[in-house]
Amino acid sequence: MFQPKLRLFKRQPFNFRTLFHTQKSTPSLLPPPKPPHLSLLADKCTSMNQLKQIHAQMIVSDRIHDNYAASRVVSFCALSDSGNLNYALKVFDTIHEPNSFMFNTMIRAQASTSNPFEAITLYIKMKKLGLIPGKHTFPFVLKACVNCYPLNPGKQIHADVMKFGLELDLYVVNGLIRCYCVCGDMHAARKSFEEVPERKLLIWNAVISGYAQNFCSNEALALFDQMLGEGLEPSGATLSSVLSACARSGSLEMGKQIHVYIKEKGIEVGLILGTALVDMYAKNGEISVARSLFDKMLERNTASWNAMICGLAVHGHAEEAFQLFQEMMDKAKIAPNNVTFVGVLSACCHAGLLEAGRGIFLSMERVYGIEPKIEHYGCMVDLLGRGGKLAEAEELINGMVCEADVVLLGALLRACKDHGNIKLAEKVVRKMLHLEPQNHGVYIVLSNMYADAGSWADVLRLREEMKDGGLKKIPGWSSTDGNKY
DNA sequence: AGATATCCCC
């Protein structure tokens, strides 16, 4: 006997026409229209609900064993905005012999999730099955490597790229460069860059942004110059990176020229480019230009507000920085992040607002749920130090979960100098030299403090010890307790 | 079936 359920289903398939607004069927005399190809329908889905119906049809009609049909389902679930990665994974697991197209799709989808290592696992599985990774595999595997930071399997993948002869593919090289940039290996990044025979904009952008993000402003600017020399037109992405390099290196003239270029070329100043411009002007002293550009921005995110607030802070405009901070939360409804608090706290430092700073520091965690990082402690130490509250500053450092760094200790040392606290300074210098044995600057500070106090014997002793190459004889120092503070 | 950018303590 036949299967009644299936017959029923066949006689009355679910209504594709209402789903996809295809033409109404011509009445009676003509043969009934063929149902559209299921795999093609999978591409036209707009929701998981629709896709599940198609998937069901595929299972019922046995087409799910056709790799092409299955891959359409996997593609939709894995990549579409209205898809569902877990569903894709389930379907993928049922496929007996997935082809490289499916692996590429899954790797691409997994690369941008919170679990990018899964993409690399899939890549390894793919190779084990004897499938050949190609130019649609590596860009996504490398993207996964970038997102896996600080874990960095990029070098191994690079070896595979060479093995499969894809080291000249633009998108693959782009991935390699980005991999090396995130882990700060600009030497390797540069090498990959130099080996590309025909450098398209994409490649320039990757390496310029890499230099900018690794604080190598001069290299970024030099490459930008070289790029223009070769007749390439920079994009908004290029200019954002270059402006960031201008901001950090104090290249106001170059920044202004870029601004003019943007206007002349009619390049759209959106969120990111706008923020980069504001930051560039703010860091280069043109705070009012920065402010008027900021006010004209149509869209602003946390980074935009941060750039403006931090800019006001370093220029000593604490009141305006606070106002903006309030406006950001109350009117714009943009959530502050840890960088915002660096800005607000440094506004307190530059204006000497001890009480306000204390309150903001406490509110960070209690009200906004942002755990203070070393930068915030740094601001507080600076603020307390300037106010002469050295004991409180030391107590704050001792209570930190993270290790004190030289920047933070440097702020404390300067406070010791300002308030003539030699005992604490000796302690701090010891710690700093433990972190940075060749930091000669701290000897000078301590020596000057001894001199200010008239302790000439100590000045001479210190001088002798500097010649010996170590501060072993500073009071309280012994080589065995160097690890302790 | 491909990617890229902005904000952070002395």
Side-chain angles (χ1 to χ4, degrees), chain A residues 71 75 78-79 100-109 111-112 134-140 142-143 146 169-175 177-178 181 200-210 212-213 215 220 234-245 247-248 269-280 282-283 297 300-311 313-314 336-346 348-350 372-383 385-386 404-415 417 432 439 441-442 445:
Chain A
S71 75
S75 282
L79 301 179
S100 44
F101 183 99
M102 290 181 207
F103 269 103
N104 292 348
T105 306
M106 290 310 299
I107 290 171
R108 180 182 168 195
S112 322
K135 59 178 177 175
H136 293 288
T137 315
F138 286 114
F140 301 112
L142 290 166
K143 188 178 184 181
V146 169
D169 181 275
L170 282 186
Y171 288 94
V172 176
V173 176
N174 176 51
I177 294 177
R178 290 215 28 81
C181 289
K200 291 258 167 66
L201 182 64
L202 163 90
I203 302 296
W204 287 96
N205 283 355
V207 73
I208 290 175
S209 72
Q213 284 165 356
F215 302 94
S235 66
T238 326
L239 299 174
S240 309
S241 297
V242 177
L243 282 169
S244 163
R248 283 201 264 254
V269 179
L271 177 62
I272 297 178
L273 196 50
T275 303
L277 275 169
V278 167
D279 183 48
M280 189 279 295
K283 281 216 176 64
M297 285 175 73
R300 292 182 277 240
N301 64 6
T302 308
S304 325
W305 288 92
N306 289 349
M308 197 63 239
I309 290 172
C310 294
V314 297
N337 66 5
N338 57 328
V339 183
T340 319
F341 282 99
V342 170
V344 181
L345 287 173
S346 64
C348 298
C349 287
H350 292 277
K373 296 207 296 183
I374 187 119
E375 300 93 304
H376 307 103
Y377 283 104
C379 292
M380 283 314 289
V381 168
D382 191 25
L383 187 53
R386 280 173 204 259
D405 66 1
V406 283
V407 177
L408 182 139
L409 292 170
L412 186 55
L413 180 59
R414 201 194 42 80
K417 183 177 157 44
M432 287 178 84
N439 185 339
V442 301
V445 177

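Note on naming: letters A, B, ... go to the chains in the order of the sequence lines (proteins, then strands), and numbering restarts at 1 for each one.
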Nearest of [options] to any side-chain atom of [X]?
X      : options             : answer
A:N337 : B:dG2, B:dC7, B:dC9 : B:dC7
A:C379 : B:dC9, B:dT6, B:dT4 : B:dC9
A:I272 : B:dC8, B:dA5, B:dA3 : B:dA5
A:S240 : B:dC9, B:dC8, B:dA5 : B:dA5
A:V339 : B:dT6, B:dC8, B:dC9 : B:dC8
A:C310 : B:dG2, B:dT4, B:dC8 : B:dC8
A:A303 : B:dC9, B:dC7, B:dT4 : B:dC7

How close or far is atom [atom2] of [N] from atom [atom1] of [X], stated in whole angstroms?
X      : N     : atom1 : atom2 : answer
A:R248 : B:dT6 : CZ    : P     : 8 Å
A:I203 : B:dG2 : CD1   : P     : 17 Å
A:I208 : B:dT4 : CD1   : P     : 16 Å
A:M380 : B:dC8 : CE    : P     : 20 Å
A:L408 : B:dC8 : CG    : P     : 18 Å
A:M297 : B:dC7 : CE    : P     : 12 Å
A:I107 : B:dG2 : CD1   : P     : 14 Å
A:K143 : B:dA1 : NZ    : C1'   : 13 Å

(message) Do A:L243 and A:L273 have side chains that approach each other closer than 4.5 Å (heavy atoms only, starting at C-beta)?
(response)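 Sidechains of A:L273 and A:L243: in contact.
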
(request) Kindly indicate whether the side chain of A:S304, heavy atoms from C-beta on, has any atom under 4.5 Å from the side chain of A:L271. (result) yes

(request) Check whether the side chain of A:T275 and the base of B:dT6 form a donor-acceptor pair under 3.5 Å. (result)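 Between B:dT6 and A:T275, which were checked side chain against base, a qualifying N/O pair under 3.5 Å is present.
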
(request) Determine the sole option in A:D279, A:N337, A:N301, A:T275 for which the side chain to side chain donor-acceptor pair (under 3.5 Å) test with A:N306 is passed. (result)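 By the side chain to side chain donor-acceptor pair (under 3.5 Å) criterion, A:N306 pairs with just one of A:D279, A:N337, A:N301, A:T275: A:N337.
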
(request) State whether a side-chain donor-acceptor pair under 3.5 Å links A:S241 with A:S244. (result)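 A:S244 and A:S241 do not have a side-chain donor-acceptor pair below 3.5 Å.
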
Across the strands shown, which category fits [X] at heavy-atom distances under 4.0 angstrom: base, sugar-phosphate, nothing?
X      : answer
A:K417 : nothing
A:K373 : nothing
A:G410 : nothing
A:N174 : sugar-phosphate
A:Y377 : nothing
A:S241 : sugar-phosphate
A:I374 : base

(request) Working to the nearest 0.5 Å, report the span between CD1 of A:I374 and CG of A:L408. (result)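 So the gap between those two atoms works out to 5.0 Å.
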
Under 4.0 angstrom between [X] side-chain N/O and [N] OP1 or OP2:
X      : N     : answer
A:R178 : B:dG2 : no
A:K283 : B:dC8 : yes
A:Q213 : B:dT4 : no

(message) Using the side-chain contact (heavy atoms from CB on, under 4.5 Å) definition, which of the options A:V339, A:T340, A:V342 pairs with A:I309?
(response)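 Result: among A:V339, A:T340, A:V342, A:T340 is the only option passing the side-chain contact (heavy atoms from CB on, under 4.5 Å) with A:I309.
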
